Amino acid sequence: MVEEIPQKKKKWCKNWLQNRNQFSHMKLLRELEVNVPEDYVNYARMDHQCFVYLLNKIKAKITRQDTHFRQAISAEERLMATLRFLATGRSYEDLKFSTRISPQSLCKIIPETCEAIYSALRDEFLKFPQSEEEWKEKAQEFMALWNFPHCLGAMDGKHVAIRPPPGSGSLYYNYKKFHSLVLMAIVDANYNFLLVDIGTNGRISDGGVLQQTYFYELLDEKKLNIPRPERLVIGKDTIYPYVFVADDAFPMKQEIMKPFKPPSGQFLTREQSTFNYRLSRARRVVENAFGILSNRFQILQTTIALPPETVEMIVLACCSLHNYLRRNAKQSYLPPGLVDQENLVSGNLVRGSWRNDPQLPSLDSSNPTQNYSNDAKRVRELYMTYFMEDGKVPWQ
């Protein structure tokens with residue numbers, strides 16, 4: 001009798017290894033998808049159809065072979081564990097109870113799957129405009145939705161909190177007194193990321209973050225294929241350059257518009273205030289895009305205790321998934337009331353619910369660069385006049 005117990009245990013373990021899916025939480029999730037689909041969406045941040053499409057895109061990259069000693073963790077389980085990690089920000093030690101995967105395996109599975117997600121989605125869903133025609137399409141969307149003509153995108157940055165690697169000293173320590181990597185992004189009129197750049201350490205001054213990006217290099221060298229200035233009003237010869245909109249943390253250029261700031265002890269004029277309001281309406285899309293991103297992928301609300309290169313891949317995967325789900329799962333991914341809404345009769349802003357959640361700090365705008373070129377000032381004044389005359393809207 002004493003000898004039978006180890007034999008039974010050995011037989012049970014062998015059956016468990018051969019029929020692992022019977023004990024996997026994936027079986028429960030499949031039942032959840034059929035019976036309570038809204039809970040499945042909340043768990044995975046996407047419906048089953050989107051999950052299957054994504055799984056098929058990355059399956060070849062994350063599938064592993066079985067061995068004589070154990071059955072490999074399936075691609076389906078790997079993807080679901082990664083999505084749950086991104087959605088909750090829970091530790092590997094905590095995730096092992098719901099995924100039934102050891103922390104040692106998760107620390108390999110999640111970075112690998114994030115890299116596979118980004119590689120599979122970036123070309124189709126995180127595509128940066130390359131031609132004048134593509135840029136003009138983005139500008140038309142901004143005009144239709146936010147009444148800002150010739151706007152190519154809204155830019156902003158967020159500090160992603162990290163645990164600094166050993167020996168890094170104050171390299172990642174920012175002015176808000178925590179360690180971070182900076183996520184710099186350009187967003188279109190529909191809250192989609194056009195470009196993301198992650199990796200600049202938090203110690204870099206806010207005015208220098210943009211200059212660290214490849215985008216700024218192309219912008220400075222006039223290699224972005226931005227359309228030439230064009231007329232906005234039929235019958236008038238005034239031409240308006242195509243621009244990006246940003247807040248006061250960024251340097252102003254001919255291609256980057258930022259709000260007016262009153263001199264010390266003075267007030268803005270009515271014209272300047274109107275320009276700031278119209279620019280804010282267009283620029284707010286990037287704030288809301290970050291709000292959606294960190295609300296749906298709450299790993300970005302935590303201090304990520306992983307190497308910087310892994311954090312970079314996690315952020316890139318989140319941004320890719322954001323664009324993928326914005327296109328394919330709009331209703332379930334963007335719940336009502338999550339983003340800011342504006343009453344066009346009164347002009348009042350109804351703040352989105354994401355603003356009530358703990359948010360990642362944005363770039364500081366308390367000490368912006370004030371050395372603007374005359375050409376940049378002229379472009380801003382052109383738009384200021386346009387918003388007061390031909391481009392005026394009733395609620396401004």
Side-chain angles (χ1 to χ4, degrees), residues 122-156 185-196 215 218-219 222-247 250 252-259 274-290 292 319 322-328 330 333-334 339-342 344 347 349 376 379-396:
R122 62 182 177 184
D123 291 339
E124 182 178 358
F125 297 98
L126 197 58
K127 184 180 179 182
F128 191 67
Q130 300 293 325
S131 65
E132 291 189 13
E133 291 71 23
E134 291 176 327
W135 281 120
K136 287 182 179 181
E137 288 179 8
K138 298 302 178 183
Q140 289 169 2
E141 292 174 356
F142 266 101
M143 185 60 181
L145 295 174
W146 306 108
N147 304 103
F148 200 111
H150 289 188
C151 180
L152 303 175
M155 62 176 59
D156 200 1
I186 300 175
V187 173
D188 70 11
N190 290 294
Y191 311 119
N192 296 307
F193 291 104
L194 295 178
L195 177 142
V196 289
F215 162 80
L218 295 178
L219 178 67
K222 310 295 183 184
K223 294 182 179 180
L224 288 177
N225 291 326
I226 293 176
R228 295 178 180 275
E230 296 178 346
R231 299 177 184 179
L232 286 175
V233 183
I234 298 175
K236 292 189 176 181
D237 294 331
T238 305
I239 58 175
Y240 297 79
Y242 285 81
V243 297
F244 297 92
V245 294
D247 65 13
F250 292 87
M252 193 169 77
K253 297 170 63 72
Q254 281 184 267
E255 303 88 353
I256 301 176
M257 289 292 98
K258 56 186 286 185
T274 300
F275 172 86
N276 285 2
Y277 164 70
R278 297 290 293 275
L279 182 140
S280 177
R281 290 188 76 242
R283 189 191 58 79
R284 202 180 297 131
V285 296
V286 67
E287 291 181 356
N288 281 277
F290 280 131
I292 299 167
C319 293
H322 169 91
N323 281 11
Y324 166 65
L325 295 172
R326 282 287 298 137
R327 184 186 302 183
N328 295 286
K330 293 182 180 180
Y333 181 66
L334 187 59
V339 298
D340 295 339
Q341 303 290 328
E342 189 174 26
L344 297 185
L349 177 68
V379 172
R380 186 165 65 175
E381 289 171 358
L382 274 177
Y383 276 101
M384 180 183 69
T385 303
Y386 172 81
F387 290 142
M388 294 301 297
E389 298 175 359
D390 298 297
K392 183 178 181 179
V393 294
W395 62 90
Q396 71 185 35

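Keep in mind that what you see is a predicted model, and the values were worked out from it rather than measured.
- In this structure Asn190 satisfies the side chain to side chain contact (heavy atoms under 4.5 Å, CB included) test together with Glu141, Leu145, Asp188, Asn192, Arg326, sequence neighbours excluded.
- Residues forming a ring-ring contact (aromatic ring centres under 6.0 Å, His included) with Phe275 (at least two apart in sequence, or on another chain): Phe260.
- Between Phe148 and the options Tyr277, Tyr383, Tyr386, Phe142, a ring pair (Phe, Tyr, Trp, His ring centres under 6.0 Å) holds for only Tyr383.
- With rounding to the nearest 0.5 angstrom, the CZ atom of Phe193 is 11.5 Å from the CD1 atom of Ile186.
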Distance-only donor-acceptor pairs under 3.5 Å for side chains of residues 233-244, two or more places apart:
residue : atom : partner : partner atom : Å
Lys236  : NZ   : Asp390  : OD1          : 3.4
Lys236  : NZ   : Asp390  : OD2          : 2.8
Asp237  : OD1  : Arg231  : NH2          : 3.3
Tyr242  : OH   : Glu230  : OE1          : 2.9

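- For Lys127, the salt bridge (Lys or Arg N to Asp or Glu O under 4.0 Å) partners are Glu134, not counting sequence neighbours.
- In this structure, the side chains of Asp156 and Val187 stay at 4.5 Å or more apart for every pair of heavy atoms.
- A search for salt bridge (Lys or Arg N to Asp or Glu O under 4.0 Å) contacts involving Arg283 returns Glu287, not counting sequence neighbours.
- Taking 4.5 Å as the limit, every side-chain heavy atom of Leu195 sits out of range of all side-chain heavy atoms of Met155.
- Centroid-to-centroid, the aromatic rings of His322 and Tyr333 come within less than 6.0 Å.
- Between Phe128 and Leu224, some side-chain heavy-atom pair lies under the 4.5 Å cut-off.
- Contact check for Leu279 versus Lys258: no side-chain heavy atoms found under the 4.5 Å cut-off.
- The side chain to side chain contact (heavy atoms under 4.5 Å, CB included) check on Lys222 picks up Glu255, with sequence neighbours excluded.
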Does the pair Leu152 and Lys138 meet the rule for a side chain to side chain contact (heavy atoms under 4.5 Å, CB included), with working shown?
-> CA-CA 6 Å; Leu152 303 175; Lys138 298 302 178 183; 5.6 Å; no

